[in-house]
Amino acid sequence: MTVLDIHTHHPDDTQAIISVNPGEFRPAPGRLYSVGIHPWHSEQCDTHAIDALNAAARHPQVAALGETGLDTLRGAPIARQTQLLLHHLELAQATGKPIVVHCVRAWQPLIAACRKARVGQGRIAIHGFRGNANVARTLVDEGFYLSFGLHFNPSALTVTPLDRILIETDDEPVSIGLVAQHVAAALSMPTEQLIAHARANAATFLT
């Protein structure tokens with residue numbers, strides 16, 4: 001299956017990685033998924049949720065782990081969120097699958113956790129990236145992919161190497177084609193060329 005949309009919550013997209021909570025993982029034919037415990041749900045996370053994550057992570061239709069991550073504005077204390085993030089990172093290592101990360105105002109703790117877990121280069125994507133150019137450069141230097149949705153900081157996009165750009169719809173009620181048009185316009189690039197890069201990058205990220 002050819003993937004263009006690296007992260008969506010729309011359940012019927014056949015060219016996307018559909019993000020679901022592991023307790024809600026009910027794979028449909030012809031779909032690919034990511035499973036993870038969102039940091040917003042970290043306060044409610046218990047052993048049943050962890051067991052469901054561990055089981056779903058090994059399903060053949062699960063292409064990636066996540067979304068997981070760190071959010072200083074919502075969820076459990078950062079220490080608990082970090083513990084859960086490290087579990088996802090270890091699980092990604094064990095299954096050989098990449099990981100999709102949500103991060104809000106916690107870039108340095110995120111980088112520290114990923115270094116601690118020793119996740120390989122090119123195995124982590126920051127979804128819905130809206131940070132500035134300085135943050136983008138730092139993350140790219142750490143080996144992350146940056147996934148851009150409908151809303152993004154143009155300065156960050158223009159400093160991100162073409163081979164590190166992914167695109168997504170997340171929970172926006174738009175097509176991935178429209179997202180591609182916006183990203184391509186910000187890069188002064190034909191939409192078809194941007195789509196080709198995004199598809200190739202997604203294929204590399206997922207293998």
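When a residue number appears, it is its place in the shown sequence, counting from 1. Heavy-atom basis, side chains included; hydrogens, waters and symmetry copies ignored. Quick caveat, the model's predicted, so the values are computed rather than measured.
- Within the 4.5 Å cutoff, the side chain of V100 has no heavy atoms near those of the I17 side chain.
- Between F129 and F152, the ring centre distance reaches or exceeds 6.0 Å.
- Within the 4.5 Å cutoff, the side chain of R199 has no heavy atoms near those of the V3 side chain.
- R164 forms a cation-pi arrangement with Y145, by the criterion of a distance under 6.0 Å to the ring centre and an angle within 45° of the ring axis.
- Residues H102 and D71 have side chains that bring a donor and an acceptor to within less than 3.5 angstrom of each other.
- Look at R115 and E142 and you find a salt bridge, because one of the NZ, NE, NH1 or NH2 atoms lies within 4.0 Å of a carboxylate O, short of that distance.
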### Verdict with reasoning, K116 to L86, per side chain to side chain contact (heavy atoms under 4.5 Å, CB included)
CA-CA 8 Å; K116 181 177 181 179; L86 287 169; 4.2 Å; yes

### Task
Could you please spell out the steps behind the side chain to side chain contact (heavy atoms under 4.5 Å, CB included) verdict for S34 and V20?
CA-CA 6 Å; S34 63; V20 297; over 6 Å; no

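- Within the 3.5 Å criterion, the main-chain N or O of A156 finds a donor-acceptor partner in the side chain of T160.
- A 4.5 Å side-chain heavy-atom check between C114 and I124 finds at least one atom pair inside the cut-off.
- Summarising the geometry, atom CD1 belonging to I167 is positioned 10.5 Å from atom CD belonging to Q181; distances are rounded to the nearest 0.5 Å.
- Taking 4.5 Å as the limit, some side-chain heavy atom of I50 sits within range of a side-chain heavy atom of L84.
- When only modelled atom types and interatomic distance are considered, N54 and H87 share a side-chain donor-acceptor pair under 3.5 Å.
- A donor atom on one side chain and an acceptor atom on the other are not found under 3.5 Å apart for T8 and D13.
- Proximity of a side-chain donor or acceptor of H7 to a complementary backbone N or O of V101 within less than 3.5 Å is not detected.
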### side chain to side chain contact (heavy atoms under 4.5 Å, CB included) between L53 and H88, worked out
CA-CA 9 Å; L53 171 65; H88 284 77; 3.5 Å; yes

### Task
Please step through side chain to side chain donor-acceptor pair (under 3.5 Å) for the pair E67 and H9, ending with a clear verdict.
CA-CA 11 Å; E67 63 187 289; H9 294 280; 3.3 Å; yes

